[in-house]
Amino acid sequence: MLASMLGSRMTDGTGALGGEGSLAEVLEGRAGWHLAAADALEFAEELPDGCAHAVWIDPPYCSGGYTETARRQARGMLTSGSVKKLGWFINDNMGSAGLVWLLRCVAVQAFRVLVEGGSLGVFCDWKMIPLLAPALESSGLRWQAMVVWDKEQPGLGTGFRAQHEVVLHFVKGTGVFHDARTGNVLRESRIPTPDRNHQTAKPVSLIERCLAVVVPPGGLVVDLFAGGGSTGVAARRLGMRFVGSEIDPGIAATAKAEISQARSVVRTRGPVAQIPLFGEGK
Ligand SMILES: C[S@@+](CC[C@H](N)C(=O)[O-])C[C@H]1O[C@@H](n2cnc3c(N)ncnc32)[C@H](O)[C@@H]1O
């Protein structure tokens with residue numbers, strides 16, 4: 001039904017439709033994006049079955065594997081200017097068990113809202129993989145792949161300082177993919193601290209490369225932990241619809257401002273050209 005609705009409406013040539021709207025308007029293809037200042041699970045429950053091509057999330061404090069004591073110590077050590085300026089964000093001090101519980105609930109919702117062949121992507125630290133992967137698979141989704149984000153520079157720490165994060169990739173049934181050119185190691189430099197709009201903001205270009213594989217143009221992307229809005233911006237740039245939630249109203253407002261500025265791009269193998277989304281930039 002959505003496909004025929006999309007086909008009968010004006011688009012900007014990439015399948016993208018309109019700007020901000022209500023959740024219902026985005027689901028019906030009458031608007032391009034919607035972000036709620038809301039809890040992830042409560043928002044997910046509002047989504048109908050089989051509406052989304054991808055649920056792509058970057059949950060709070062998923063850098064685990066630490067003891068709870070080490071977590072508290074790590075938190076106490078974070079005194080950088082950006083943390084002071086931006087503040088710490090909600091649920092970042094959740095323990096490993098709580099996080100596994102939360103994300104298992106999210107995966108159950110993802111299984112319900114995904115179309116057949118749709119994808120769940122979960123950013124996490126490698127230490128969380130043994131805990132998270134089986135919990136997420138118990139939702140009925142199948143673990144398909146692991147994407148490695150190579151940040152080009154090692155982070156804080158000693159010994160072999162981590163230069164990567166991972167995205168655990170799950171599919172509902174047999175995965176449906178839209179770009180066969182992408183390997184599972186994606187090199188993108190992290191966003192410099194002064195440029196970030198969120199403490200753990202991910203590069204939009206990284207998320208674009210992921211979404212291009214798992215979502216068709218005009219498809220629906222869901223991010224339940226939207227933070228500064230990188231997933232929404234990436235989806236809009238690719239001509240996809242986006243709905244999401246962010247529990248902190250201040251952070252949600254920042255994300256909305258970012259997403260409203262996003263312009264779709266025409267992707268080629270060479271440089272990308274910027275074009276306004278339908279109904280925007282006039
Ligand atoms: C790791 S950050 C996401 C960063 C984002 N990917 C970006 O690039 O800006 C996780 C976000 O989840 C939010 N959050 C924490 N608990 C939540 C919940 N129960 N529901 C919705 N959002 C939540 C936090 O406020 C935080 O902004």
Side-chain angles (χ1 to χ4, degrees), residues 23 33-47 54-64 71 74-75 78 82-83 85-110 113 120-125 127-128 132 147 149 151 155 165-168 186 188-211 221-237 242-262:
L23 176 59
W33 64 276
H34 173 80
L35 185 84
D39 173 74
L41 288 177
E42 288 175 14
F43 180 75
E45 281 167 14
E46 288 182 39
L47 300 174
V55 176
W56 215 259
I57 58 172
D58 177 18
Y61 208 63
C62 206
S63 51
R71 257 183 217 288
R75 188 177 178 188
L78 285 166
S82 65
V83 172
K85 181 168 149 244
L86 298 170
W88 197 250
F89 54 78
I90 293 170
N91 281 340
D92 56 357
N93 57 351
M94 183 181 275
S96 303
L99 189 60
V100 169
W101 171 84
L102 173 65
L103 294 186
R104 204 268 172 182
C105 295
V106 166
V108 168
Q109 288 295 330
V113 305
L120 168 67
V122 182
F123 274 94
C124 81
D125 182 280
K127 289 178 190 160
M128 288 299 289
L132 269 187
V147 179
W149 170 28
K151 304 179 191 181
E165 280 180 41
V166 300
V167 182
L168 301 181
L186 302 179
E188 295 283 343
S189 56
R190 73 176 84 219
I191 308 169
T193 303
D195 297 340
R196 289 187 209 159
N197 68 0
H198 188 282
Q199 170 65 17
T200 62
K202 300 293 181 290
V204 169
S205 48
L206 171 72
I207 302 177
E208 273 185 42
R209 291 169 76 184
C210 296
L211 295 182
V221 178
V222 177
D223 181 359
L224 300 171
F225 303 93
S230 312
T231 308
V233 172
R236 300 301 291 142
R237 281 171 57 86
F242 172 78
V243 297
S245 56
E246 161 58 50
I247 201 166
D248 183 305
I251 297 176
T254 304
K256 282 184 169 207
E258 294 284 339
I259 298 168
S260 67
Q261 297 289 319

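Ligands are counted one by one from 1 in listed order, and the atoms in each one are counted from 1 as well.
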task: Examine D248 against ligand 1 and note whether any of their N/O atoms are separated by less than 3.5 Å.
output: no

- prompt: Could an N or O of ligand 1 be found under 3.5 Å from any N or O of S245, whether backbone or side chain?
  reply: no

field: ligand 1 to N197 polar contact by distance, N or O atoms, under 3.5 Å
entry: no

statement: Here the atoms of ligand 1 under 4.0 Å from any heavy atom belonging to D39 are 18 (C), 19 (N), 20 (N)

- request: From atom 12 (O) of ligand 1, work out which of W56, F225, F123, F43 has a heavy atom at the shortest distance.
  value: F225

query: Tell me, do L47 and L23 make a side-chain contact under 4.5 Å, heavy atoms counted?
result: yes

- line: Nearest heavy-atom approach of F225 to D58 is CB-O, 3.7 Å

- line: ligand 1 to S230, heavy atom cutoff 4.0 Å, flagged ligand atoms 7 (C), 8 (O), 9 (O)

message: Using a 4.0 Å heavy-atom cut-off, which part of L224 comes near ligand 1: side chain, backbone, both, or neither?
response: backbone

- request: Could you list which atoms of ligand 1 come closer than 4.0 Å to a heavy atom of H198?
  value: 2 (S), 4 (C), 9 (O), 26 (C), 27 (O)

query: Taking only heavy atoms of A38, which atoms of ligand 1 are found under 4.0 Å from at least one of them?
result: 20 (N), 21 (C)

- prompt: Can you find an N/O atom of I247 closer than 3.5 Å to an N/O atom of ligand 1?
  reply: yes

message: Can you tell me which portion of A255 lies within the under-4.0 Å heavy-atom range of ligand 1? Options are side chain, backbone, both, or neither.
response: neither

Parallel, tilted or perpendicular, as decided by the 30° and 60° cut-offs, for the rings of W149 and F123: perpendicular

- prompt: Tell me, do E258 and V204 make a side-chain contact under 4.5 Å, heavy atoms counted?
  reply: no

message: Pairs of nitrogen or oxygen atoms closer than 3.5 Å, one from P59 and one from ligand 1: do any exist?
response: no

field: Minimum side-chain heavy-atom gap T254-H198 below 4.5 Å
entry: no

message: Main chain of G227, side chain of E246: is a donor-acceptor contact present, judged purely on distance under 3.5 Å?
response: yes

query: Hey, is ligand 1 close enough to P60 that some N/O pair sits below 3.5 Å?
result: no

query: For the atom pair CG (L206) and CZ (R190), what is the distance rounded to the nearest 0.5 Å?
result: 12.0 Å

task: Just go through T200, I207, V106, V204 and tell me whose heavy atom is the nearest to atom 1 (C) of ligand 1.
output: T200

- prompt: Does D39 reach the side chain of S245, with side-chain heavy atoms less than 4.5 Å apart?
  reply: no

- request: Check whether any side-chain heavy atom of P59 sits under 4.5 Å from a side-chain heavy atom of L103, and report yes or no.
  value: yes

